[in-house]
*Asks:* 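Pasting in a structure now, in structure tokens, and then I'll have a few things to ask.
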Amino acid sequence: TIRDLLRFAVSQFNQAGLHFGHGSSNAYDEAAYLILKTLHLPLDQLEPFLDARLIDTECTQVLDVIERRAAGRVPAAYLTHEAWLGDYSFYVDERVIIPRSFIAELLQTQLSPWVTDPDYISSALDLCTGSGCLAILMAHSFENAHIDAIDISIQALAVAHKNVQDYGLENRIHLIESDLFSTLPDRQYDLIISNPPYVNAESMAQLPQEYRHEPQNALASGIDGLDATHLILQQAALHLTDDGI
């Protein structure tokens, strides 16, 4: 039954000493999510299915996912190719980091109090867009904005392209391969956001194994973790309109 597999998964995850930092915060929640997702069941309805018996092929599929998570320490989002920010889900794989930015919460309130008139935002930039998740949230928060979404990784932009297509935002989000502002010499924006690489060298050396499945260039940013941040702050003013933030 699903109850049996849930118990088994929690035991395996606890025994393996897994790290939870990509969505779930504990072994039980992660096990429930992986089992429900693998069986194509509603993610918010575990209880009605707990004592359902599985056919052999379903058992094999679930046990394989449990094994890959416990032994391979592959983050759950890479196993399901799904990550959530609030009410929005995004396709992810190992070409991009798994979305977990606090900027998503700020976008839910249209960056209030810093943005006083959301309708005024007509041009916006998302630096280091990765999967495109923040650019997509920005498009929903600022309905008049045309958005450039930048990443140095062409592989990441391929993932972003899929997500932009899935949300039908091809006409509003323009994906650009660029090392920060390097290919944007004359462009200016009403709004710039960024979740850049910010992990320092000491922390990179101590990352749990789960994070080592993510692209290193999306995490590491020099000795103090601020290489990208310094460049963004030095150059951002050149790319802001007079009232831009």
Side-chain angles (χ1 to χ4, degrees), residues 1-105 107-108 130-134 136-137 140 155-156 158-168 195 207-215 218-219:
T1 66
I2 289 177
R3 188 186 301 273
D4 295 327
L5 288 170
L6 180 63
R7 196 284 306 162
F8 176 72
V10 172
S11 294
Q12 292 294 299
F13 294 173
N14 285 335
Q15 183 179 11
L18 298 186
H19 182 86
F20 305 101
H22 289 110
S24 302
S25 61
N26 59 78
Y28 178 89
D29 288 344
E30 186 129 316
Y33 165 71
L34 285 171
I35 292 170
L36 290 169
K37 184 69 177 177
T38 301
L39 296 174
H40 308 286
L41 293 171
L43 297 180
D44 59 349
Q45 296 182 38
L46 174 62
E47 192 68 31
F49 303 106
L50 275 173
D51 293 309
R53 294 184 178 277
L54 306 186
I55 62 174
D56 289 347
T57 55
E58 290 177 321
C59 282
T60 299
Q61 290 171 347
V62 172
L63 289 170
D64 177 65
V65 168
I66 293 171
E67 173 72 12
R68 293 178 64 196
R69 181 68 186 96
R73 299 183 73 107
V74 179
Y78 289 154
L79 296 173
T80 63
H81 297 303
E82 175 186 75
W84 290 81
L85 282 177
D87 295 330
Y88 294 86
S89 69
F90 302 96
Y91 173 86
V92 295
D93 59 33
E94 297 189 19
R95 293 174 289 179
V96 295
I97 64 168
I98 297 165
R100 50 185 179 273
S101 174
F102 291 115
I103 297 173
E105 297 179 25
L107 289 172
Q108 290 177 357
S131 62
C133 56
L134 293 182
I136 290 167
L137 294 183
H140 284 91
Q155 291 84 6
V159 175
H161 177 72
K162 174 174 172 52
N163 284 316
V164 168
Q165 277 193 321
D166 287 347
Y167 280 96
N195 183 29
L207 283 178
Q209 191 173 338
E210 280 82 353
Y211 291 97
R212 299 186 186 280
H213 289 273
E214 296 184 298
L219 297 169

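Count residues from 1 along the sequence.
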*Asks:* Identify all side-chain donor-acceptor contacts of residues 33-40 below 3.5 Å with residues at least two apart in sequence or on another chain.
*Replies:*
| residue | atom | partner | partner atom | Å |
| --- | --- | --- | --- | --- |
| Tyr33 | OH | Thr80 | OG1 | 2.7 |
| Tyr33 | OH | Glu82 | OE1 | 2.8 |
| Lys37 | NZ | Glu82 | OE2 | 2.9 |
| Thr38 | OG1 | Leu34 | O | 2.6 |

*Asks:* Taking atom CD as the centre, does Glu47 end up with more than 12 heavy-atom neighbours from other residues, nucleotides or ligands that are less than 6.0 angstrom away?
*Replies:* no
*Asks:* Any side-chain heavy atom of Val159 within less than 4.5 Å of one from Phe90?
*Replies:*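 When only atoms from C-beta onward are counted, Phe90 and Val159 do not touch, as no gap falls below 4.5 Å.
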*Asks:* Is the closest side-chain heavy-atom distance between Leu46 and Leu6 below 4.5 Å?
*Replies:*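 Yes; the side chains approach each other to less than 4.5 Å.
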*Asks:* Count the heavy atoms of every other residue, nucleotide or ligand shown that sit under 6.0 Å from NE2 of His161, and state whether that count exceeds 12.
*Replies:* no
*Asks:* Once salt bridge (Lys or Arg N to Asp or Glu O under 4.0 Å) is applied, what residue pairs with a partner in residues 50-60 remain, sequence neighbours excluded?
*Replies:* Arg3-Asp51
*Asks:* With the threshold set at 4.0 Å, does a side-chain nitrogen-carboxylate oxygen contact exist between Glu214 and Arg100?
*Replies:*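 Yes, Glu214 and Arg100 are salt-bridged.
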*Asks:* Tell me if a side-chain donor or acceptor on Glu210 pairs with a main-chain N or O of His19 at a distance below 3.5 Å.
*Replies:* yes
*Asks:* Identify the two heavy atoms, one from Val96 and one from Gly130, that lie closest to each other, and give their separation to 0.1 Å.
*Replies:* CG1-C, 3.8 Å
*Asks:* Can you name the residues that form a ring pair (Phe, Tyr, Trp, His ring centres under 6.0 Å) with His140, not counting sequence neighbours?
*Replies:*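 Once residues adjacent in sequence are excluded, the partners of His140 under the ring pair (Phe, Tyr, Trp, His ring centres under 6.0 Å) criterion are Tyr88, Tyr167.
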*Asks:* What salt bridge (Lys or Arg N to Asp or Glu O under 4.0 Å) pairs are there with at least one residue in residues 20-35, not counting sequence neighbours?
*Replies:* Glu30-Arg69
*Asks:* Who pairs with Arg212 by salt bridge (Lys or Arg N to Asp or Glu O under 4.0 Å), at least two apart in sequence or on another chain?
*Replies:* none
*Asks:* Is there a donor-acceptor contact under 3.5 Å from the side chain of Asn163 to the main chain of Ser131?
*Replies:*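 Side chain of Asn163 to backbone of Ser131, a donor-acceptor pair under 3.5 Å: yes, one is there.
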*Asks:* For residues 10-17, which side-chain N or O atoms pair as donor and acceptor with protein atoms under 3.5 Å away, sequence neighbours left out?
*Replies:*
| residue | atom | partner | partner atom | Å |
| --- | --- | --- | --- | --- |
| Ser11 | OG | Arg7 | O | 3.2 |
| Ser11 | OG | Arg7 | NH1 | 3.0 |
| Asn14 | ND2 | Val10 | O | 3.3 |

*Asks:* Near Phe8 CZ, under 6.0 Å, is it more than 12 heavy atoms from other residues, nucleotides or ligands?
*Replies:*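 12 or below, so no.
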